Amino acid sequence: MKPYQIKNMIIDDGFYNAETVTADFTSEGKNFSVTFDKSDLGIVNAWAFENHTSVPIDLPEDLIESIKQDVKKKI
């Protein structure tokens with residue numbers, strides 16, 4: 001079983017004139033969002049959501065790679 005669950009995924013073709021993919025997911029009861037450049041799935045940004053605020057976050061590389069694989073399957 002994966003340590004996260006993707007709840008929502010948005011493909012945006014107008015973000016700074018580049019296509020991006022944003023995956024909203026939960027892990028250990030917390031909400032996160034990571035945005036990738038659609039062309040190479042490089043990370044644009046990642047956020048954690050707590051107490052109605054968002055803060056930038058560094059996610060573990062193995063978690064990012066797993067999410068990338070799920071995103072690839074869905075796009």
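On a predicted model such as this, the values are computed, not experimentally measured, just so you know.
- In this structure, Ile10 is not a member of the same hydrophobic cluster as Ile64, with clusters built from ILVMFWY side-chain heavy atoms closer than 4.5 Å.
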Identify each donor-acceptor pair in which a side-chain atom of residues 22-32 lies under 3.5 Å from a protein atom, sequence neighbours left out, and give them as a table.
{"unit_1": "Thr22", "atom_1": "OG1", "unit_2": "Thr35", "atom_2": "OG1", "d": "2.9"}
{"unit_1": "Asp24", "atom_1": "OD1", "unit_2": "Ser33", "atom_2": "OG", "d": "2.9"}
{"unit_1": "Ser27", "atom_1": "OG", "unit_2": "Pro3", "atom_2": "O", "d": "2.9"}

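- Taking Ile, Leu, Val, Met, Phe, Trp and Tyr as members and joining any whose side-chain heavy atoms lie under 4.5 Å apart, directly or through other members, Val55 forms no hydrophobic cluster with any other residue.
- Atom CG of Asn8 has more than 12 heavy atoms from other residues, nucleotides or ligands within 6.0 Å.
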_Trace of the side-chain contact (heavy atoms from CB on, under 4.5 Å) decision for Thr20 with Lys38_ = CA-CA 5 Å; Thr20 59; Lys38 187 179 175 192; 5.8 Å; no

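- One hydrophobic cluster, built from ILVMFWY side chains closer than 4.5 Å, cannot hold both Ile11 and Val44; they sit in different ones.
- Trp47 belongs to a hydrophobic cluster whose remaining members, ordered by chain and number, are Phe49; membership requires side-chain heavy atoms of ILVMFWY residues under 4.5 Å apart, directly or through intermediates.
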Between side-chain atoms of residues 67-75 and protein atoms elsewhere (two or more places apart, or another chain), which donor-acceptor pairs fall under 3.5 Å?
{"unit_1": "Lys68", "atom_1": "NZ", "unit_2": "Leu41", "atom_2": "O", "d": "3.3"}
{"unit_1": "Asp70", "atom_1": "OD1", "unit_2": "Lys2", "atom_2": "NZ", "d": "2.5"}
{"unit_1": "Asp70", "atom_1": "OD2", "unit_2": "Lys2", "atom_2": "NZ", "d": "2.9"}
{"unit_1": "Asp70", "atom_1": "OD2", "unit_2": "Tyr4", "atom_2": "OH", "d": "2.5"}

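- What you find for Leu59 and Ala46 is that their closest heavy atoms are CD1-CB, 4.0 Å.
- Partners of Ser39 according to the side-chain hydrogen bond (donor to acceptor under 3.5 Å, both in side chains) rule, which considers only residues two or more places apart in sequence or in another chain, are Asp37.
- Considering only residues two or more places apart in sequence or on other chains, Pro60 meets the side chain to side chain contact (heavy atoms under 4.5 Å, CB included) condition with Asp62, Leu63.
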